[in-house]
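These numbers come from a predicted model, not from an experiment. Both backbone and side-chain heavy atoms feed into the values below; hydrogens, waters and symmetry mates do not. Numbers for residues simply follow the sequence, beginning at 1.
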Amino acid sequence: MNFIVSSSALLSHLQSIGRVINSKSSLPILENFLLKVQGNTLSLTASDLETTLVTSLEVENASGDICLAVNAKLLMDSLKEFAEQPLQFDIDEGNLAVVVKTANGNYNFIGLRGDEYPELPVLGDDAQTLTMPVEVLANGVSKAVFATADDDLRPTMTGIFFDIKPEDVTFVATDAHKLVRLKNMAVKSGVDASFILPKKPAGLLKAVIAKEVGDVEISFDQKNIAFRLPSYTMVCRQIEGRFPNYNGVIPQNNPYRLIIDRVSLMNAARRVFAFSNQGTGLIKLAISNNQLVVSAQDIDFSTSAEETLVCQYEGNDITIGFKAPFLIDILNNINSSDVIMALADPSRAGVILPFENEADEDLLMLLMPMLLSE
């Protein structure tokens, strides 16, 4: 059988799903893409057993149906070198020999039987489903994924917690140093449930969803989660276990209130961070009289830096320390031009909020302080 496909379109779709594949897989078949042609539709699949990502595109002049696995590295490396042009795939259905014909040459390789490739997991009869706009899911995942932990001893904190209520959906992530809670009130699912999305598929979603418009259908049972987008389908294993009581760690009474330009604070933190102790990354925020002094020092190398910023502040004078990369990450993931920082004392977590939330959203970020030595 044969078919014709655009080289750039094929490469774009393969790059989108290719990040699923592990460089060293326990199953050799998972080092391949699964190609399935039905009619004039080419379906492409990549999997690492835990996560499976499927996409499809239209082809021309397909002379039949076929299913085969093709070495991912070989296909990707060759496609990257082609200028945009139609590629003709000629496939021998007997021995799965593949010839890719271009205007200037032929490229030959052997595929593998497609029925050896793991099947897409099927959700159980107890699966629940909700639908939300692609933009809501994209915003929730991108705002939360940076705060997930890398601690294998606490697996439930290595993913994004979807706390689904009938009238809203809340995206939560924490690594015990920082926490993100984004509630969206526009999603009226009528469902009361929850699941934890692992970090890897969250990152994959973040990448592919940027190209999508419309709605996403999310289905989940006790083991798996399925995301059905207009151009992609992703099914992944969810993280089993109980997510921490995130509301219980958010301070309810931080009386001191700082309002400041977000970009100014973020850029000052970046500059001052370069002069901090590179082991701790500690920077100090000293706040008084509508002024914020951001400072850092590294005694070992006799370096120090200090910047003074104008702010609005209500509360007693306070000096509090934060790990600069964490503070910068938080500020970088807030869209508002100004941010509110609610504080209580140097030992209690600081709550960072956008001065103005997006429509139907309630965003809160929390950052634990670092101990200051006098």
Side-chain angles (χ1 to χ4, degrees), residues 142-154 157-158 173-181 199 203 244 246 249-251 254-313 315-334 336 338-354 364-374:
S142 63
K143 285 282 192 298
V145 69
F146 83 94
T148 54
D150 294 313
D151 187 356
D152 292 336
L153 297 177
R154 294 181 289 185
M157 295 170 63
T158 63
T174 182
D175 61 3
H177 301 288
K178 54 187 180 290
L179 179 146
V180 175
R181 185 193 70 187
K199 178 181 292 191
Y246 62 91
V249 302
I250 298 173
N254 276 14
Y256 305 160
R257 183 182 171 94
L258 165 74
I259 302 175
I260 192 166
D261 181 81
R262 178 184 64 85
V263 174
S264 297
L265 176 56
M266 182 169 63
N267 290 339
R270 283 175 171 153
R271 289 188 290 265
V272 170
F273 170 50
F275 293 81
S276 69
N277 181 295
Q278 295 304 296
T280 64
L282 170 66
I283 63 172
K284 297 179 182 178
L285 306 184
I287 316 163
S288 63
N289 299 326
N290 289 335
Q291 279 194 339
L292 168 64
V293 178
V294 185
S295 64
Q297 64 175 345
D298 187 344
I299 297 174
D300 295 337
F301 292 93
S302 300
T303 61
S304 63
E306 180 180 292
E307 284 201 28
T308 302
L309 303 174
V310 176
C311 64
Q312 297 180 44
Y313 182 62
N316 297 333
D317 294 357
I318 187 174
T319 300
I320 190 169
F322 291 117
K323 191 174 183 70
F326 293 168
L327 178 61
I328 293 166
D329 273 347
I330 284 176
L331 294 171
N332 197 42
N333 281 279
I334 295 176
S336 175
D338 291 340
V339 292
I340 302 168
M341 188 177 291
L343 305 169
D345 62 63
S347 64
R348 188 185 297 186
V351 174
I352 303 172
L353 310 165
L364 177 147
M365 299 200 182
L366 176 149
L367 183 58
M368 296 300 294
M370 295 183 70
L371 185 64
L372 294 175
S373 56
E374 298 299 333

Flag side-chain contact, heavy atom, 4.5 Å: [X] against [Y]:
X      : Y      : answer
Leu179 : Val249 : yes
Ile330 : Val180 : no
Val310 : Asn290 : no

Q: Not counting sequence neighbours, which residues clear side chain to side chain contact (heavy atoms under 4.5 Å, CB included) with Pro354? List them please.
A: Ile334, Ser336, Asn357, Leu363

How close do [X] and [Y] get, counting heavy atoms only, and between which atoms?
X      : Y      : answer
Ala296 : Ile283 : CB-CG2, 3.9 Å
Leu292 : Leu285 : CD1-CB, 3.7 Å
Ala286 : Thr319 : CB-OG1, 3.6 Å
Arg154 : Ala176 : NH1-CB, 3.7 Å
Ala173 : Ala147 : O-CB, 3.8 Å
Thr148 : Lys199 : OG1-CE, 2.6 Å

Q: Return yes when atom CZ of Arg270 has more than 12 non-hydrogen atoms of other residues, nucleotides or ligands closer than 6.0 Å, and no otherwise.
A: yes

Q) If you draw a 6.0 Å radius around CZ in Phe275, do more than 12 non-hydrogen atoms from other residues or ligands fall strictly inside? A) no

Q: Would you list the pairs meeting side chain to side chain donor-acceptor pair (under 3.5 Å) in which at least one residue belongs to residues 293-310, sequence neighbours left out?
A: Arg271-Glu307

Q: Would you please name every residue forming a side chain to side chain donor-acceptor pair (under 3.5 Å) with Tyr313, sequence neighbours left out?
A: none

Q | Donor-acceptor under 3.5 Å (Ser276 side chain, Gln278 main chain) | A | no

Q.
Test your reading of the model: is there a side-chain donor-acceptor pair from Asn277 to the backbone of Gly279, 3.5 Å cut-off?
A. yes

(Q) With side-chain contact (heavy atoms from CB on, under 4.5 Å) as the test, pick out the partner of Leu367 among Asp329, Leu331, Val351, Leu327. (A) Leu327

Q: Run through Asn254, Leu265, Ile259, Ile320 and flag the one making a side-chain contact (heavy atoms from CB on, under 4.5 Å) with Met341.
A: Leu265

